Asks: 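Below is one structure. I have some questions about it.
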Amino acid sequence: MAQPFPKRKLTDERFAIILLLPLIIALFALNLYPMAYSFWLSLTNTDVSRGISKFIGFINYYNLVFKDPYFWHSLRVSLQFTLEASLLAVALSLTFALILNESFKGRRIIRTIAILPWAFSTYAVASLARYLFARSYGLFSSLYVYLGLSDTPVEVVTSESAIHILALLFAWNYVPLGAFFLLAQLQIIPLDLYNQARIDGASAIRRLKVVTLPFLRRPIAIILLLFTVFSVVETTLIIGFTGGGPGKATQTLTYWAYAKTFMDYEYGYGAAISWFLILIAMALGVLYYYVLNKLKL
Amino acid sequence: MSSPPSQSRRNFLKFLGAFAGGVAVGAIASYFGISPTPAPAPAVTGPSASLVFAIGGFRPDVVKENVAEFDRQWLIPSDKRTRVEQLSGDLTVATQSRLAAGYPLDIVYAYPYATVTWSKAGWITPIDDIKATDIVPYNISDAVKEMYPAVKEAYTVENKLYGLPYYISAYGCILTNEELLDKAGMSGDYPYTWKDMYDYVERLAAKKITEHPLLPSWYNEPFGIPWAFVLEVINQGGNEAMWEDKWPYHPTFDVGTLAEEVLKDWKRAWDNNWVPRGVLTMKQTDYLGEFATGKYFYNVNAEYYLGYFNDPSRSRIAKKASIVPAKQQPWGLLDSCIYALVKRNRSETDLEYAQALLEFLGYRDRYGNYYVGKRWMLFEFLKTWPAIFQDPEVRLVWSVRLYREDDLDAVNGILEKVMFPTAWKAAWYTKWNTIAQTELPLIFTGEKTIKEVITTLRNEAERLAEEEEKAA
Amino acid sequence: MKKALLIIGIVFVVLWSIIPIYWALNISLMYHFEVYSVPAHLFPEHPTLYNYLRSLGFSVFNPFTNRVDPPVGYPIREALINSFVVASMVSLITIAIATPAGYALGRYRTRHSGLLTALLLGSRTLPPVSILIPLYIIGLRYRLLGTTHGITVMHLALVLPLTTWILMGFFSTFPSEIEKAARVDGATRLQAIVRVVIPTALPAIVSAGLLSFLFSYNEYLFSWVFTSGTPAQTIQPTLASMWFMIGEINIMAAATILSLIVPVVISLYFQKYIIQVRLVDPYALAFE
């Protein structure tokens with residue numbers, strides 16, 4: 001058969017690009033373009049409630065850092081939430097992984113139960129928590145009565161406790177992920193190492209320190225960074241559980257971006273807060289990539 | 001007198017079926033008594049294209065039935081049936097983005113502030129001049145005479161009226177738990193001003209019948225604690241106690257004014273443990289459920305929720321939840337929404353059909369009945385026109401469900417006096433509302449003093465109002 | 001000593017995981033009057049499916065008020081169906097795009113693959129709020145609001161990077177020998193993929209598909225903006241709307257439990273998968 005054109009050789013590279021094309025198009029249309037658009041919005045004073053949209057340069061960013069009375073507060077709350085939530089989640093992940101790695105009767109069932117919260121939507125987690133922590137129909141407030149600590153149900157969610165409870169909820173949602181990841185790592189530790197340590201007369205705690213933890217250093221670093229990134233951008237949990245309250249006790253930076261965008265309709269200003277967040281999250285993302293690939297932890 | 005078309009009668013029977021059987025019998029009987037003469041059928045049958053009515057997520061089933069009745073009464077051909085478009089997300093944003101993009105819409109829902117912006121943008125059209133024709137049944141000037149004064153005020157922009165009521169509610173009335181009041185020996189003895197209410201609460205607290213006598217609307221929603229503050233101030237001191245009476249509504253409240261008195265009352269209630277601590281973190285559902293437990297004497301709420309609190313499947317105070325009438329002071333602020341007519345190029349006939357739909361939805365049908373308003377009143381206790389309170393079916397159905405039939409007149413009386421916060425016509429109000437939502441609870445948690453909070457709120461209002469003035 | 005510690009640990013794990021679910025279940029089996037008992041009841045005194053039946057669109061007789069209560073005014077059944085449809089479409093389309101892309105990234109090193117992987121990673125760390133408004137504007141322009149296919153497209157925006165990342169991870173550890181053998185036997189690249197690679201990788205692909213399904217099913221913010229209040233409304237915004245309207249806590253609890261059935265079933269599958277296959281990056285398994 002005559003070939004009108006010389007057949008071009010399908011190199012690996014060309015083949016790869018063909019396979020990647022749909023993804024590249026989708027990424028551009030659905031991620032990059034919206035991101036660029038949102039950056040452009042952050043340089044305008046777009047306010048839907050006033051029907052204005054004018055280019056104003058970096059004034060939103062300037063106002064955010066120097067004029068917004070809630071910025072520093074929100075940043076501090078974000079920081080506190082991120083620290084508490086990610087550390088708690090990592091600590092519990094490790095504990096759960098060690099427990100689930102032991103061999104005992106019914107381990108399969110326990111593992112099945114332990115993984116459940118991972119699959120739940122953040123909104124569902126917030127809802128479950130509202131049932132649990134409500135004063136009128138919650139478990140914990142009535143527990144005080146059952147334990148004889150109080151005559152009437154106690155208010156559990158206060159402006160002091162709210163942020164800690166949110167960290168707890170974050171941990172509830174994400175611990176299974178961390179635990180199962182660490183569990184998978186634990187299972188590739190050669191048993192010989194343990195046996196050797198046992199022969200050497202090392203106690204259980206010492207075995208954990210000398211054998212187990214060195215193997216988990218890298219995985220722990222990975223989940224710590226992950227949880228940090230996820231807790232920095234967490235919005236739905238706060239919307240669903242406290243709505244930033246009581247007062248401004250749980251008003252994180254993401255919640256502030258959400259409130260500015262959806263309650264005040266200031267799309268420009270909201271976009272500026274989001275971009276501030278994107279920078280934080282990206283810095284963490286780069287760190288994650290670095291730890292994962294470059295630093296041979 | 002001839003009877004209404006059988007179609008609409010059947011429909012009426014159908015929706016009445018939702019209510020207790022005994023009530024239905026009486027209601028049907030009286031329904032036959034008031035059947036008016038139908039207007040002559042319009043000469044032209046139907047607009048050139050389907051009318052479009054954009055709605056939110058509230059009871060789309062009822063809306064669709066309403067619209068179907070319009071199509072029947074106006075003999076709209078089946079290929080031109082009125083279309084109901086359900087919008088997602090925030091209704092105002094969703095509607096506004098479609099108006100801005102020039103979507104073909106005819107009737108939209110509008111809140112007071114949206115009415116201001118949309119009218120200025122030329123997206124919706126004033127309705128004062130609508131005159132009765134073959135297709136349009138009424139002169140709007142006649143309808144306006146019946147309107148609650150606050151509604152007229154809220155939806156008038158530069159002396160033009162922009163819509164007819166979809167619902168009207170007085171947010172911030174005192175709902176009562178008559179069972180507890182009876183126990184306290186205080187039934188029928190009501191406070192008629194906010195100041196009095198706190199004194200009554202103090203007396204009730206002294207009787208130690210419940211843990212907390214009062215459930216105030218200080219919950220964490222835009223319409224929670226910020227509205228509670230605004231309404232207590234303007235009910236007692238008029239709009240002038242909060243802000244000036246013309247755009248851009250510079251604040252007049254300050255330290256040493258009524259606003260501080262109100263927050264002192266709040267603080268007194270909080271410090272004396274007259275209110276539950278948890279109210280600050282409640283969502284609306286919690287808030288409603290809480291009063292329905294029957295643990296409080298008073299609840300600051302919309303009169304709308306009388307229906308909910310008197311529903312035995314959801315409330316422990318069914319047939320015991322009542323309301324304090326507006327005898328001295330007005331109660332609450334106007335929470336409402338209108339049907340607005342979208343401005344676009346239409347033929348004369350098409351415009352008349354759109355106007356007819358507006359009147360059908362927001363006023364009366366072709367037979368002179370408040371068809372839509374009455375259905376909303378029967379199904380959801382949504383109020384629109386004063387006359388509906390006198391409707392025999394409405395009275396029958398609701399007197400069975402409410403604590404006493406007089407409560408209907410109490411609600412009507414409250415709506416006659418309810419106040420519209422004038423600053424709602426300014427763009428800055430929502431932003432200030434968000435700030436108030438975060439700042440007001442701080443007086444309870446002790447992070448700020450009352451003076452500090454008032455100063456912040458005043459400064460922010462002043463700054464936002466100035467910004468708005470400058471931008472214009 | 002060690003045994004005692006372990007038992008305490010196991011009890012803790014179980015209580016930690018179960019209590020929040022149990023409590024919602026407890027409330028969901030009560031009639032309204034029991035929900036607000038003081039102190040709250042640890043077990044329903046009159047357990048009933050009343051709330052579930054009303055949630056799913058039935059009228060139910062309530063023996064305590066002696067009346068028949070109508071179905072709840074929230075389209076819960078419809079929302080569950082919508083969520084199922086959307087999540088199915090999302091997972092199918094995602095797999096169709098992400099499998100070849102993940103294969104290409106995992107197998108071949110091209111000049112731009114580094115940039116692409118960074119992009120995949122970066123997009124996962126985006127706060128959803130930041131791309132919501134632009135996508136809303138796009139949605140408005142192309143009439144995607146309030147439609148099932150509209151929210152499907154939006155979920156693709158969120159799920160694609162994630163799924164590609166998982167499959168890339170999988171294919172990079174996938175032994176290339178089988179494939180090479182097929183190529184030696186004369187198969188083209190495409191034939192090798194279709195005949196050899198995909199069948200071998202099927203468990204991983206199915207898992208990635210299920211993850212996309214779960215992600216879409218669980219997503220709240222976009223679903224709220226794109227579908228709430230319309231016939232396309234999915235389950236998460238429906239749950240949220242119940243906190244804002246006149247909900248009944250017992251009904252809401254039932255709706256929440258109903259919404260958890262799908263995630264529970266999927267997690268049962270994954271419990272096995274994570275332990276056995278061990279290759280899944282936690283990055284990929286975390287979502288909304």
Side-chain angles (χ1 to χ4, degrees), chain A residues 12-13 15-16 19-20 22-23 26-27 30-31 34-35 37-38 96 99 102 110-124 127-128 131-132 136-137 139 142 145-146 153 177 180-181 184 204 222-223 226 229-230 233 235-236 254 257-258 261 267 274 277-278 281-282 285 289, chain C residues 2 6 9-10 13-14 17-18 20-21 23-24 27 35-36 38-40 97 100-101 103-104 108 110 119 121-123 125-131 133-135 156-157 160 164 189 214 218 220-221 236 239-240 249 253 256 259-260 263-264 266-268 271 274-275 278 282-283 285-286 288:
Chain A
D12 277 358
E13 168 123 11
F15 184 63
L19 293 182
L20 284 169
L23 174 76
L27 276 183
L30 299 174
N31 285 76
M35 269 181 79
Y37 198 117
S38 124
F96 277 37
I99 292 168
E102 295 294 322
I110 304 292
R111 281 185 178 176
T112 309
I113 290 171
I115 202 174
L116 286 177
W118 159 79
F120 293 178
S121 77
T122 315
Y123 205 95
S127 286
L128 292 179
Y131 306 133
L132 204 55
S136 309
Y137 46 86
L139 170 64
S142 282
V145 181
Y146 283 116
L177 168 72
F180 276 79
F181 179 65
I222 292 174
I223 60 167
L226 266 177
V229 173
F230 292 149
V233 297
T235 329
T236 307
T254 37
Y258 169 82
T261 310
Y267 288 4
S274 309
L277 276 163
I278 289 175
M282 273 189 172
Y289 196 73
Chain C
K2 197 189 160 190
L6 183 66
I10 293 166
V13 169
V14 172
S17 312
I18 286 293
I21 308 167
W23 194 250
I27 293 176
V35 174
Y36 291 92
V38 182
I97 298 179
Y103 174 80
Y108 304 111
T110 68
L119 241 174
L121 193 63
S123 62
T125 59
L126 281 184
V129 184
S130 66
I131 52 170
I133 295 299
L135 286 174
L156 282 178
L160 256 182
T164 312
R189 285 190 183 80
L214 195 52
N218 280 347
Y220 162 68
L221 210 53
Q236 305 300 333
L239 290 181
I249 296 297
T256 310
S259 83
L260 294 181
V264 165
I266 292 184
S267 75
L268 291 182
Q271 191 266 348
I274 294 175
I275 295 298
R278 258 193 227 146
Y283 163 86
L285 282 178
E288 265 304 287

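First the proteins, then the strands, lettered A, B, ... as listed; each starts at 1. Source: prediction; values computed, not measured.
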Asks: Please round to the nearest 0.5 Å and tell me the distance separating atom CG of A:L128 and atom CD1 of C:I27.
Replies: 10.0 Å
Asks: After noting the C-alpha distance and the side-chain angles of C:Y220 and A:S121, does the key distance pass the side chain to side chain contact (heavy atoms under 4.5 Å, CB included) rule?
Replies: CA-CA 8 Å; C:Y220 162 68; A:S121 77; over 6 Å; no
Asks: Please determine, among A:Y146, A:Y258, A:Y37, A:Y267, the option with the most heavy-atom pairs under 4.5 Å with chain C.
Replies: A:Y146
Asks: Hey, which of C:P263, C:P39, C:A24, C:G9 has the most heavy atom pairs under 4.5 Å with chain A?
Replies: C:P39
Asks: Please classify the contact between C:I133 and chain A as side chain, backbone, both or neither, with a heavy-atom cut-off of under 4.5 Å.
Replies: side chain
Asks: Let's go through A:T122 and C:N218 carefully: what are the C-alpha distance in whole Å and the side-chain angles of both, what is the deciding distance for side chain to side chain contact (heavy atoms under 4.5 Å, CB included) to 0.1 Å, and is it a yes or a no?
Replies: CA-CA 7 Å; A:T122 315; C:N218 280 347; over 6 Å; no
Asks: With only heavy atoms counted, which part of A:L27 is less than 4.5 Å from chain C, the side chain, the backbone, both or neither?
Replies: side chain
Asks: Select one option (side chain, backbone, both, neither) describing which atoms of A:Y137 are under 4.5 Å from chain C's heavy atoms.
Replies: both
Asks: Walk me through whether A:I113 and C:I18 qualify under side chain to side chain contact (heavy atoms under 4.5 Å, CB included).
Replies: CA-CA 7 Å; A:I113 290 171; C:I18 286 293; 3.6 Å; yes
Asks: Only pairs of heavy atoms separated by less than 4.5 Å count here; which of C:L239, C:L6, C:L160 has the most with chain A?
Replies: C:L6
Asks: Measuring heavy-atom distances to chain A, does C:V38 have an atom under 4.5 Å in its side chain, in its backbone, in both, or in neither?
Replies: side chain
Asks: What closest approach, in Å, do C:I97 and A:L23 show between heavy atoms, and which atom pair accounts for it?
Replies: CG2-N, 3.6 Å
Asks: Taking all atoms of both residues into account, what is the closest heavy-atom pair of A:L30 and C:A157, and its distance?
Replies: CB-CB, 3.4 Å
Asks: Can you check whether A:L116 reaches C:S17 side chain to side chain, under 4.5 Å on heavy atoms?
Replies: no
Asks: Go through the atoms of A:T261 and report whether side chain, backbone, both or neither lie under 4.5 Å from a heavy atom of chain C.
Replies: side chain
Asks: If every non-hydrogen atom of A:A119 is compared with every non-hydrogen atom of C:S267, which pair is closest and at what distance?
Replies: CB-CB, 3.8 Å
Asks: Of the listed residues (C:V35, C:L260, C:V14), which shares the most heavy-atom pairs with chain A below a 4.5 Å separation?
Replies: C:L260
Asks: For the pair C:I249 and A:Y131, evaluate side chain to side chain contact (heavy atoms under 4.5 Å, CB included) and give the outcome as yes or no after the intermediate values.
Replies: CA-CA 8 Å; C:I249 296 297; A:Y131 306 133; 4.2 Å; yes
Asks: Only pairs of heavy atoms separated by less than 4.5 Å count here; which of A:I99, A:L277, A:V229, A:T254 has the most with chain C?
Replies: A:I99
Asks: Counting heavy-atom pairs under 4.5 Å with chain C, which one of A:A257, A:S38, A:P117 comes out on top?
Replies: A:S38
Asks: Taking side chain to side chain contact (heavy atoms under 4.5 Å, CB included) as the criterion, tell me which of C:L214, C:T256, C:I21 meets it with A:F120.
Replies: C:I21
